Each structure stands twice: as C-alpha cells, then as structure tokens.
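See below for the structure under consideration.
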Amino acid sequence: MDAHLASCVQSSLSMGLHENARFLGERLVAAAPTEANKLLLAQVYRQCGQGYRAVALLRGAAAPESRYLAALCCADLRQHSEAEALLLERGEAQVPGGAAGWYLLGRVARLTGRASRAADCYVRALRRDPMLWVAFSELCSLGQPDKAAEFCDGAQLAALRQSLSQEQQQEQQAPALQQKQQAAQQQQQPEQAQPSPGTTSGASAFQAMSIDGASGAAADADAAEQPRADATPGGPGRRAAGHTPQMLSFVTPPAAGAPAAPPALPHGGGPFPGFAAFPNPPAGSRTPTLGKQKAAVGGGGGGGGGGGGSGGAAADGVGRGRKMSRAAGRLFVNDSSATPRRSARLAAVTGDGGAPPGACPGPTPTPLGRHDANQQHAGAGAGGARQRPARRGGAGPAGGGGGDDGAGENAPHVPAGGAGPSGGAGGDASFLWQQAHPEPVKSQQQQEQVLSLFVPLRRALHLLSSFQCRAALAALAALPAEQLGSAGVLLLVGRCHYELADYARAADVFEAARAADPLCLEGMEIYSTVLWHLKRDVELAALAQHALAVDRHAPEAWCVAGNCFSLQREHDAAVRLFQRALQLRPGMAYAGSLLGHEHLATDDLAAAAAAYQHALRCEPRHYNALYGLGQVYMRQEKHREALVHFTAAAGINPGSSVLRCCAGGALRKMGRHEEALAQLRAATEIDSRNPLARFEAAGVLVALERHAEALDELRTLQELVPRESAVHFMAARLHKRLGDPDAALAALHAALDLQPPAADRAAIKAAIDRVHLAEEEEEQEL
C-alpha cells in the first residue's frame, strides 16, 4: 500500500495536482512515518506554498536531501540563519545538495550582507557544477571580477576534461576495490553471526547501510568514496543516477520491542512481495533459488551472484529440498541481511524466465534519451538474461535491489525499491532525490559543447557587470546566430546599449526581444525606462497594458506602468505603482530607485532618501540609488555628501558620462573649478554627445574667465541641441563680455524665437533691452 500511495503522490505532483498530492502524502505519512515519506510530503508542501509545514515536518531529519529541502524552505521564508544552520549542520565537507547547496549558502550570505562569503560559496558551487548559471550571474553582481574571471575562459573546459577522466579511472578501478571490500567484510563476519530464520535484524541492517558512517560496519575511507555496488557479474560499483557519497541509502531501524513483520506470501508462484526491500547480496554469497519451481522459471540459467555462485537448482531431490528450506527461512522473515541472488531478482523482474544463453543484453534507454553505461554492465551475467527497460522500482544495477512487489507488471512502482522493512515506500531514502533531480548527461563531448557555448555568455555578463558594455557586445557577437536571435541574449544586448545611453538602439533591440518572446517580462522595466527617456508615451502605454495583461503579479509589469504615469507627470499614481512592485518583490532594487526618482520629482526628499537607501540594502552596487542620494543632497545643498555618493556611483560604473558630469557639478558648487573641469572633460570623452557635460564645462570655463573656450563649447553644444534656449542665452552673455553686442543681440533673439517658458522669456527680453549697456552699468541697474 505504501509503495502505491507514494507512486500516486508522485503522479499527482507531476500532473500539477498539488492538493491531491498533499492529501495522499498525509495519508502516506500517517500510515508509515518514515523519513523517505516525510521527504515526499515536504516536497508536496513546498509546491503548495506551505514551506513552513515542510520545515516542521523535516525537523531532525538526517538525510542530506531532507536537510537541503528544509534549508530551501527556510530560505523561501527568509529564515536565513536557520537555512545556513541546516546546510552546515555537518560541516562544509558534507553540504547537502552539492553545487546547489553551496549556491543556496551563497544566496543566504548575499541576502545577509556578507558579500565576500557569498562570492566564495558561488565559486565553490561553480567548481562543482559549471552549468550553474544563476551562481555565476549572482557572482558577477557582487562586483568581484577576479573571482568571476575564473569561469570566463577555456580553462574550465580543461578542468572538466580532467575531472571526467578521473571519474572514468575511478569507475574502472571500482570492481577491484569492491571485491577487496567484500573480502574484508567476509573475514570480519563469522559464520555464527548470520541471523537465523524467524528472527529479525533491523538494527544490524541499519548499521550496515548507515549514511553517516558512524555505524559498526567496518568500511575504510577508500571504500566510503566508492559508489554503492550491486553484486552483478558484469559491473559492480556502478553509481545510481543522482547519488553522491553523501546520498547513500538507509534503512530506519524498527522500534525496540516492535513485533516482527508478517511473512511475505508467495504470489502465484512468481515474484514475492517485499523483494525490493532486500539489498543486493555480497559477491560470493550463495543464496539459493527456490528449487525445482525456480529452475523451471529460470531455464537453467547461470549464476547471477557476484563471485560465481551457482544460481540453478540442485540435480537431486534431496539437494533441492535442503536449499528450498534455507531459501524459505530467509525469504519469509523481515531480515534485510538475508537476500535473494541476482538471478532470482532478475527472474522476479522479467517474470518470463531468462533468454537463451546466446542472447546479448542491449543498453537500456534512460529518460534522458541516452544509453546508460551502467545498464550495459548489469546484464553481463545471469546466464545472459535479457533485461527490459528499467521501470520504477525494477531490479536494476543502480537500484536498491528492487523487484516486482506482487501487484502485477502494470502496477505502479516506486523508484529505488518497493515497500521496505522500514514500513515506508522503499528502503532507500534517496529515491525521491533521484527522480526529482536526474543526473545530467556526463558525455565529455556534450559537456564541452555546452560550456563552449557558455564561455561567450559568461564573458559578456562578466564584462557587463563591470560596465564594459562595448566589450560585452563584442563577446556576444561570437555567439551562433540562433542564440543571438533568442530573447535572453537580446535582452543582454539591449541592456548594454541602455548602459551606453544609446536609447534609440536599445529600444530597437528590446522590441526585437519582445518579438522573439512576447510573454517574457524580464528586462521590460529597463525597456520602459528607455521609452521614458525617448518620450515615446504611446509605445510606453502599449507596453504597460501588455505587461499587466500578461502577468499582474510580476513586479516588472508594475514598474512599466509606473514609468508610463511618470512620463505623464502623474507622480502620485506612479508612486503607488512602484510601491506595488516592491510589495510583490521587496528585494527589487530597481523598483526602489524608480520610487525614489518619483519622490524626488515631487520634492519629497525624505521619502526619496528612504527609497534609495532601501534599494542599496537590496543591492549595494546599485549605482542608480547612489546617484539618487547624490541628487537629494544637492537639493539640500550638501555638496560634499553629494560628491561622495556621485564618486561612489562613478566607481561602480566608470563608463557613465552622467555620473562624471554630476560629480563635476558638485565640485563646481564647492568652488573646485579645476577638478570640476577635469571631471567634465572625462564625461565628454566617454560620451561626446552629452549636452549636460558640455553645458557645465562652459559654466566652469566662464568662472575661470576663459570666455573664448567657453564660447567654443557652446557652439559645439548648439549643434547637439539647437532648440535649447539656455544655450543661446549663455552665448549672448559671452558675446557681450567679449565686446560683440550685435552677436549677443542675435543670440538673444534666437533664444526668444524658441518659445522658452514664461520666466525665461522675461529674462531674455530684459537682456535685449540692456544689450548695449556695459557690465558695470548693467549691474548698477540691477
């Protein structure tokens, strides 16, 4: 029943019926509260959005997969200290989940403000799994280019080849090491230590299969690093998919004084229920088959146990009866140490006997669409018995000694074994982990191909995190054409143009990304800012409607809507929309900076500073928030504090012309004109078409009484922004100081023709009336 319930829970989960899976899982745990069943129910709770129940259910669990799932739920609940304690419960040498566990540790460290620790965890995760893109992305966001550069070149491919070759050598040496280990175990276990029929040895079975190595089973360090072996003649020592040395199977010992389980009854003379519970026999063991009846089924096949033990029945009737009684004594008790031979388990799985001796077993297809090398070695013995494709819970070389549970061939099976002696849905607690986390294809050629595809992407993201946008665009150009046309790559290209302040080209690229994937809202908040700068209100309104229609629970959609209202100068509505985005994702730094911009537009400086500080808490390298705080201090005439924030922002993004210009403006207000001019010159070198930098530089040159140079800057600026009245007005003043009143009058009339605001228009008319007055007379008149 337990195996069937577990299979139904898995089926409901795969079909998205989470509430049904929760109900069935609760029945399963109530019937058999094993750690494996609790892990399955905890997965259901997390899918149902009830992570707190999963944490409570897995409290005190010892299995690595249980600790990882509990830590993941704690991270979802923002219980960061509890998540870190669960992951490091047994030290850094046994972090559950492998690369995923280290990534989760890094994320916890990043959210708690420990950037250096987070970077170290991300590096360890990437060294264990180079395909962990999220770890590399967050490592780049931490602003530590030296550590991220390790994974941006071809050296990673060489490391992968070396690790794969080492793994192949270990697999080749595994049979010899396994035989050595089995010989040592046989010498240490005397003959009288074997359990007698009718007695149970659940505690000894638990010690023999302990996952933490603290049991009395004598296993040295070399054997502990080798994968758990099935006693198959062709290839002992093969590792199950998803297994690591920290993810071994275990059996929960029965409670003291608990009654023995009832004996398993034969099912129509075929396979016996409970076969999946027994571990594989050690090599050289002589577990007999079921005499005459088994010989009829097996067709006189060869021995299936490791070590060359005979798998056929005895020739005489006396021998058959003696072996029959010994097999019955071992099979009809709840004893995990008494196990059937390999040939018996294969016959139990196939049900139709063995194939002819000359039959060659073919490789078994796996769910990944490839042939598993482990399966090729598994069928080398047992008289050339033909293997079927591996079923859930079927007896395979990577399983826990499974088999048919007596419910028929079409009955549902549970991965890695059926109902075990622990009373749960299998004696192996890691079967859920194997099914939920299949091991990727470990083909060296395929790994190198994928990593060679990742190298340009990693290099581009690394350069973009350092705001070397032109170099990032060059790296992305090395991708294949089909990758360049995908939405994810186009979003990276668009962001590069956005950081370069090339808004027109960025808008085109973002629109191409929308065409490639219309339902993708990632990056649309940046696209809306691009449209805001370009003053394309119609396109921005259409984007806002589309984003809200796609997903009203996405914070990007509300950021787009907020920018739409901000462009229409409806700042109160924009504030509410940005607050909604932060409500949906409190850690979204960009939404916090947009909220601060809206408060700054309404002169609510305190609220603006609070929003910018929240964005910095979410992402310390968010230069937009530093820029906003600098603007707040400029409004408050705290120029020194503004300069500190502008300089910090320019240190993060040294390629920003705007930040250099703001730092130059703060220095100008402080009277440090030479330093201000140096910053403004740097800004124009970064972006020669930055009008604000040239206008500020002209003002600094006027303060330094370098009027001719200032006039040259203004002439260049007039070509960039010919319809800016302030430029013509400043040029008129310079012409007057240089003694050219006619040119000054022409510039003032040009400024008046541009229809400036009412206040500027009055100042221009007053300057026209006093254009022929000297500077001293004008000052006296004023």
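Just so you know, these numbers come straight off a predicted model, no measurement behind them.
Although no hydrogens or angles enter the test, the distance criterion places a donor-acceptor pair under 3.5 Å between the side chain of R761 and the main chain of P756. A distance-only check finds no donor-acceptor pair linking the side chain of R660 to the backbone of Q679 [under 3.5 Å]. Of the possible donor and acceptor atoms, one in the side chain of S593 sits under 3.5 Å from a partner among the backbone N and O of Y590. Listed for the Y612 side chain is a donor-acceptor partner under 3.5 Å among the backbone atoms of H597. Side-chain atoms of H546 come within 3.5 Å of backbone N or O of P518 as a donor-acceptor pair. Counting only distance, with no hydrogens or angles, the side chain of W558 and the backbone of R552 share a donor-acceptor pair below 3.5 Å. Under the 3.5 Å distance criterion, the side-chain polar atoms of S657 are matched with a main-chain donor or acceptor of A683. Looking at H497, its side chain never comes within 3.5 Å of a backbone N or O of A507 through a donor-acceptor pair. The backbone N or O of S688 sits less than 3.5 Å from a side-chain atom of R694, completing a donor-acceptor pair.
Closest approach of L677 to L704, counting heavy atoms only: CD2-CD1, 4.3 Å. Closest heavy-atom contact between L600 and A608: N-CB, 3.8 Å. Across all non-hydrogen atoms, the minimal contact from A561 to L548 is CB-CD1, 4.2 Å. Shortest non-hydrogen contact noted between S656 and I686 is O-CD1, 4.2 Å. Minimum heavy-atom separation, L484 to A477: CD1-O, 4.3 Å. Here the closest heavy-atom approach between residue D551 and residue A557 is recorded as O-CB, 3.6 Å.
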Practice problem: Could you walk me through whether R67 and L87 pass the side-chain contact (heavy atoms from CB on, under 4.5 Å) test, one step at a time? | Solution: CA-CA 7 Å; R67 291 191 290 122; L87 292 172; over 6 Å; no
Quiz item: Does the side-chain hydrogen bond (donor to acceptor under 3.5 Å, both in side chains) test come out yes or no for E619 and S141, once each step is laid out?
Solution: CA-CA 9 Å; E619 187 178 339; S141 67; over 6 Å; no
Quiz item: Passes salt bridge (Lys or Arg N to Asp or Glu O under 4.0 Å), R110 versus E138? Steps please.
Solution: CA-CA 9 Å; R110 181 178 61 85; E138 295 188 16; 3.2 Å; yes
Quiz prompt | Residue pair L594, M588: steps toward the side-chain contact (heavy atoms from CB on, under 4.5 Å) verdict | solution = CA-CA 10 Å; L594 291 177; M588 189 175 184; over 6 Å; no
Practice problem: Evaluate ring pair (Phe, Tyr, Trp, His ring centres under 6.0 Å) for H639 paired with Y633, printing each intermediate quantity in order. | Solution: CA-CA 6 Å; H639 303 129; Y633 287 124; over 10 Å; no
Quiz item: Yes or no on side-chain contact (heavy atoms from CB on, under 4.5 Å) for Y498 and V509, after CA distance, side-chain angles and deciding distance?
Solution: CA-CA 10 Å; Y498 162 75; V509 175; over 6 Å; no
Practice problem: Could you walk me through whether L692 and V658 pass the side-chain contact (heavy atoms from CB on, under 4.5 Å) test, one step at a time? | Solution: CA-CA 8 Å; L692 182 60; V658 176; 5.8 Å; no
Exercise. Decide salt bridge (Lys or Arg N to Asp or Glu O under 4.0 Å) for R124 and E92; before the verdict, give the C-alpha distance in whole Å, the side-chain angles of both, and the deciding distance to 0.1 Å.
Key: CA-CA 11 Å; R124 292 191 180 189; E92 293 186 355; 2.9 Å; yes
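The CZ atom of R706 lies 12.0 Å from the NE2 atom of H673; values are rounded to the nearest 0.5 Å. Separation of atoms OG (S528) and CG (L540) is listed at 6.0 Å; rounding is to 0.5 Å. Atoms CZ and CG, from R723 and D753 in turn, are 9.5 Å apart once rounded to the nearest 0.5 Å. To the nearest 0.5 Å, atoms CZ (R621) and CZ (F467) are separated by 6.0 Å. Between atom OH of residue Y623 and atom CG of residue L659 there is a gap of 7.0 Å, rounded to the nearest 0.5 Å. Taking CG of D502 as the reference point, atom CG of L473 lies at 9.5 Å (rounded to 0.5 Å).
Looking at heavy atoms from C-beta onward, W102 lies in side-chain contact with L105 at the 4.5 angstrom threshold. Residues R672 and L643 are in side-chain contact: their nearest non-hydrogen atoms beyond the backbone lie under 4.5 Å apart. Contact check for L86 versus C74: side-chain heavy atoms found under the 4.5 Å cut-off. In this structure, F578 and N563 have side chains that are in contact, with non-hydrogen atoms separated by less than 4.5 Å. Between E598 and F565, every side-chain heavy-atom pair lies at or beyond the 4.5 Å cut-off. The shortest side-chain heavy-atom distance between R78 and P586 falls under the 4.5 Å cut-off. Annotation: side chain of L711 is in contact with side chain of H735 (closest heavy-atom distance under 4.5 Å). Residues F136 and H462 meet the side-chain proximity criterion, which asks for heavy atoms closer than 4.5 Å.
With a 6.0 Å radius and a threshold of 12 heavy atoms from other residues, nucleotides or ligands, K147 has its NZ atom above the threshold. When the shell of 6.0 Å around CD of E522 is examined, it contains 12 or fewer heavy atoms from other residues, nucleotides or ligands.
F729 pairs in a side-chain contact (heavy atoms from CB on, under 4.5 Å) with only one of the listed residues (L754, L748, L752), which is L748. Partner of L531 under the side-chain contact (heavy atoms from CB on, under 4.5 Å) criterion, out of L543, V560, L567: L543 alone. Of the residues listed (R46, R53, Q50), the one engaging C73 in a side-chain contact (heavy atoms from CB on, under 4.5 Å) is R46, and it is the only one.
Classification of D120 and R117 as a salt-bridged pair fails, no side-chain N sitting under 4.0 Å from a carboxylate O. Using a 4.0 Å cut-off between charged side-chain N and carboxylate O, R505 and D508 make no salt bridge. Salt bridge E641/K638: absent, no basic N to carboxylate O contact under 4.0 Å. Under the 4.0 Å criterion applied to side-chain N and carboxylate O atoms, E696 and R668 are assigned as salt-bridge partners. The pair E150-R127 meets the salt-bridge criterion, since a charged nitrogen lies less than 4.0 angstrom from a carboxylate oxygen. Taking 4.0 Å as the cut-off between side-chain N and carboxylate O, E713 and R681 count as a salt-bridged pair. The pair R689-E719 does not meet the salt-bridge criterion, since no charged nitrogen lies less than 4.0 angstrom from a carboxylate oxygen.
Ring geometry for F646 versus Y627: interplanar angle of 30 to 60°, hence tilted. Between F454 and W133, the ring planes lie perpendicular to each other; the angle is over 60°, past the 30° to 60° tilted range.
When only modelled atom types and interatomic distance are considered, R580 and Q583 share a side-chain donor-acceptor pair under 3.5 Å.
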